[in-house]
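One structure is given below, encoded as structure tokens.
Every chain is numbered from 1, with letters handed out A, B, ... down the list of sequences. This is a predicted model, so every value here is computed, not measured.
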Amino acid sequence: MSTVQDQQDQIQPTADPLPGARGGNPAVELGDVSVVYPGGNVGLESVSLAIDRGEFAFLVGPTGCGKSTFIRLLLKEMEPSRGRVLIAARDIGALPRKKVPRLRRNIGVVFQDYKLLPNRTVYDNVAYSLQVIGESRSEIRRKVPEVLRLVGLTTKLHNYPDELSGGEQQRVSMARAFVNHPPLLLADEPTGNLDPETSIGIMQLLYRVNRTGTTVIVATHDREMVDRMRRRVVELKEGRLVRDERSGLYRPDESTREFVTRLREPSGVAGGN
Amino acid sequence: MRLSFFLRESLRALRRNAAPSLAAFATILITTLVLGVFIPVVRAATAKTNEVRNKIELEVFIHDDATNAEVADLGAKIRAVPHVDRIEFISKAEALAILRERLGKKSSIVNDLPGNPLPRSYRIKLDDPDNVNLVKAALQPVDPQGKKGSISPAIEDIKDREDDTNKILSATSTIKILLASLSALLVVASVLLVANTIRLSVFARRREVEVMKLVGATNWFIRWPFVIEGLMVGFLGGVGAVGLLWVAKKTVVDPLSDRFALIAAPQTIEFQLLVVLLLAAATAVSALGSGLTLRRFLRV
């Protein structure tokens, strides 16, 4: 998709790559990052990590392991106590507060609880996210139906969130996150509230988004789903990085249909523990 | 596009946040109403006081045994004093005539007087009532020993009407202080109520705010709808108060003003100007309230 490529091209590297970076052009890079919450709780401890452009990575671990801290760091909702966080080779610690909205426009986020506005229709929920960044009316009219077609909600445009199933609500939230074709998509427990069959649909969607060139990072404790996807897995435990595995079975030409067929296969092909 | 979006969002918030908005609206209405009564009353009272002050004149009483030459000399000396606008000589007969006139129906008692006890006098008009003490000092200079002298032996006494004026001044200043402190309290209450309304509105719309932050809306894009909501509450309160004031003016003040000089005082503020002032004040108060909340509760 050309729009994604354009946006990625606009982001010029400004900071030096971190020592030990894997080369290439990482979309997200953490250099020895620690987060200590007020009161002494450790969110992250000396985490160094690089996720390449176009990569699909899982962030796994039990509740409280630092997954959400990781997501909040990337959104600059909080600052690391130590270390550097780089997005598209740009140190976001050095980003002035005024530029934070611009950073967030280049990151799509999906949450477990969808964060939809209950008193607006599906269409308005997605359109709202464009209105508040000052998008023109004609652009909104063009982009919203397009992205709702992508997530398969064309028939539910005028329904309110409470008239939708959980999976459909998460699709709306995905549509909102992806409507601007951000180069980076973060998902915090996107399938946490959904049954396995619906989860497959959401994963399928995340995969489809990833295939357009978007870097996708999914924080989850849905171990089964991770194992079936055979993508990169980063495991955190009590704030420390304990496993970083590139699953071998990465097939770049796998179509969405093949991918789903594989997801529906019986479990047991899993890599890692 | 943006403006219509902000307006839509604010109206939506007003509808959902009706109860606290109504409280803020009512307080602003009352505040504006009090201000709307206060401003013309103070203006009229001040005008009346000035009118009285402008009437201040000095009266120089002359010894009965002063010669005509001394009296004429005194007149010339008074005319030479700075700040004296013009002077008027009152003879004994004229003084008696003035007294008769002042007594009206009871003037017959003057006939019982043995002869005419009233002294001759000069009435002095000043260029500005504030200079009354200057002129008095010039007529009765104080010598280095602190003894009060006089520019002419013909002068018996000098009187002014300062005491009367002081009474009026203190009465009007009491009214001013009372009304001003009442307005100040009401303004504080209005600011706090608007602040509270906006705070509740922020709370009611926290999901929207959260989403706006997530998708990268700028701080002011998030704040504007709240500011507009506050301004609308204030402006509507102001409009309501102006409406009530207009009704009161048409039904009560205008008919009465034919009979009462104070109400009809021409120096009282123009109604149009008053309306503009009140609306500006109501809007400013609500802007202050909104700003207060957004500074504290919407750090984005």
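- At least one side-chain heavy atom of A:N119 sits less than 4.5 Å from a side-chain heavy atom of B:R12.
- Counting only heavy atoms from C-beta outward, the side chains of A:V132 and B:F5 approach each other to under 4.5 Å.
- Side-chain contact check for A:E77 versus B:L214: some heavy-atom pair is nearer than 4.5 Å.
- Ion pairing between B:E208 and A:K115 fails under the 4.0 Å rule for side-chain N and carboxylate O.
- Neither the backbone nor the side chain of A:L103 has a heavy atom closer than 4.5 Å to any heavy atom of chain B.
- If you tally non-hydrogen atom pairs under 4.5 Å between each of A:V109, A:V100, A:L116, A:L75 and chain B, the highest count goes to A:L116.
- Residue contact with chain B, scored on non-hydrogen atoms closer than 4.5 Å, is absent for A:N125.
- Summarising the local packing, CZ of A:R102 is surrounded by 12 or fewer heavy atoms from other residues, nucleotides or ligands at distances under 6.0 Å.
- With rounding to the nearest 0.5 angstrom, the CG atom of B:N219 is 8.0 Å from the CZ atom of A:R97.
- Interatomic distance, B:M212 CE to A:L117 CG, rounded to the nearest 0.5 Å: 8.5 Å.
- When side chains are defined from C-beta on, A:R176 counts as touching B:V211, because their heavy atoms get closer than 4.5 Å.
- Proximity of B:R207 to A:P118: side-chain heavy atoms (C-beta onward) are separated by under 4.5 Å at one or more points.
- The two residues B:A217 and A:I133 come nearest to each other via the heavy atoms N-CG2, 4.1 Å.
- Closest of all the heavy-atom pairs between B:S4 and A:R137 is OG-NH2, 3.6 Å.
- Only the side chain of B:E210 comes within less than 4.5 Å of a heavy atom in chain A; its backbone stays farther off.
- Residue A:Y37 qualifies as enclosed at atom OH: its count of foreign heavy atoms under 6.0 Å is above 12.
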Expected list for residues 226-250 of chain B: side-chain donor-acceptor pairs under 3.5 angstrom, two or more places apart:
unit_1 : atom_1 : unit_2 : atom_2 : d
B:E229 : OE1    : B:S201 : OG     : 2.7
B:E229 : OE2    : B:S201 : OG     : 3.4

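- Remark: B:V187 engages B:T31, B:V191, B:V285 in a side-chain contact (heavy atoms from CB on, under 4.5 Å) (not counting sequence neighbours).
- A donor-acceptor pair is defined here as one N or O able to donate and one able to accept, closer than 3.5 Å; no such pair exists between the side chain of A:R105 and the backbone of B:V215.
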